[in-house]
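Atoms within a ligand are numbered from 1 in the order they appear, just like the ligands themselves. All heavy atoms count here, side chains included; hydrogens, waters and symmetry mates do not.
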Amino acid sequence: MKLAEKRNIIIVIIISLMIAINPLYSQKGASSKSKKSQKDKKKTEKVQEKKKDTEVKEEKKTDEVQETKKSTVVREKKKAGAIKSKQSPGATNILEPDDDSMSGTLEWKVVLKDDNGNVNLPERYRTWWYIRMDGVNTNTPTRLNIEGDGFAGKSIVLPVYSYDRINWHRFKPENIVSNTGAEGLYNYTIEHIYDSSSTVWVARYYPYSVSKLDNFLKTLEKNPFVKIEKIGESNYGRPINMVSITDPKVDDKTKKRIWVHSRTHPSETGSSFAVEGLIRYLTGKSCEGCKDVDLSKLIFNIVPMINPDGVALGNARVTPDSSYDLERMWLRGENDFDLKNDIPPEISAIHQAITNLNKKGPEFIIALNLHSKNAPPNWRHFLYSNFKEENKEYGESGDSLFKKQLSFARLLSNYYCMDTIRVRRSEEAGRPMDKKLFPEVWWWLNFKDKVMAATLETTSGIDGCFEEWVTFKDQEYLGEAIAKASYQYYKYYVSGEYFKYERPVENMEELMKFYLR
Ligand SMILES: [Zn+2]
């Protein structure tokens, strides 16, 4: 096999390469004018090359391609020869093979490192890479060796590739020509003949950048149902925005609130597609499209990305201050409602926003925390509950909240193909639920079963009724299902009859079998 004749070239890419300029996915819904302005913007954007030792702080507010210590691209060549470094929008410091390396098979290597180069982080956090390959030969197989990927399961999730960052394709199982793992880290090789371009983008999942979100939010600015507010700033000065969607002609006092926040963990791009799908649905043609959701009854308060620093940096899990897993930073202060003063600004921003809205009214009835699971690919989307029916210590309201979560999961599965949403028991043992630092525990402590607070984990693997690999469109469609299920839930909430139509069986044990893996 030709591959045996390895060229002298080894290209080592230390991960994660951040590609922040992202004219991702067709800008459906964007006017031709806004497309043009994006183009113009692109023309004027200059990609900044940063030295390997560039401090993360210097990247503050830069929404261009960024390079950090961990995203260095190194190309080694045994024989002497010029190494061309090419800069172009969309990637920094991608090295291009010189001419004589263009023929034959190229072999690339991606070595995953810890977020922020912090070796104290668990290896299973290594769950993101996104690279651009230049000079790919379109006639012979190209091999991409991925080293040290922190997949939680024994089967890897098939990565995706694109020639234009608009259309994305999944690799096929046969493209994975080797797959070995030990102690939770996996090495695998993707072999593929790319057919239409010598430049290829490859990513672990469908990417969703800070820029993609910004461009999407711009399309909403004139929508009368939408209000976009900056509710805070990340540690490095990136805005944290809240998108509020409701019918402005109707007095808010008569409505109920739905809270949604997403993208705590940067690698979990599925949660961003779900949020975009949710917002697209709610705002379609000034909401003629969302006929199954009555926006005169509901206010959606949505924070699409609470960890923009981590996303911009190409991290998998944490903020640039690597000890911060924002999911576990809801540190209570003097009481259950207030948080400590030194919590990360991202948490402070959403906590403050919730506090203000709660004071102002109307009441919240749902709080969703959107994530994407790092689990074997045959795990579908599921709602993550911290409760179970034998949780007697949480009393009637605990039992009631759990039933409401089941009810919501069931409603979602009505809109997103049966059996795709599951409720899973919390697996974090050793600490009572009310001592945990997840946002939904904060909701529980302060609102009990009044607010159906839960984590919704989207999948990057197999999805839907037909066991097909999930696409970003499917993830958007899940967002649409969230909108519809929320409205149905609202109707149950005001009538107080949660299982009237949807409960499949009366027996709780049977219900658990239905929902749990
Ligand atoms: Zn997560």
Below 6.0 angstrom between ring centroids: does that apply to Tyr161 and Phe171? yes
Salt bridge Lys212-Glu276, side-chain N to carboxylate O under 4.0 Å: yes
If the plane angle is over 60° it's perpendicular, under 30° parallel, otherwise tilted; pick one for Tyr490 and Tyr487. parallel
Hey, can you tell me if Trp442 and His351 have their rings parallel, tilted or perpendicular (30° and 60° cut-offs)? perpendicular
Is it true that some N/O/S atom of Glu268, main chain or side chain, lies under 2.8 Å from the Zn ion (ligand 1)? yes
Find, among atoms of His371 that are N, O or S, the one nearest to the Zn ion (ligand 1), and state its name. ND1
If you check every N/O/S atom of His265, which is the one nearest the Zn ion (ligand 1)? ND1
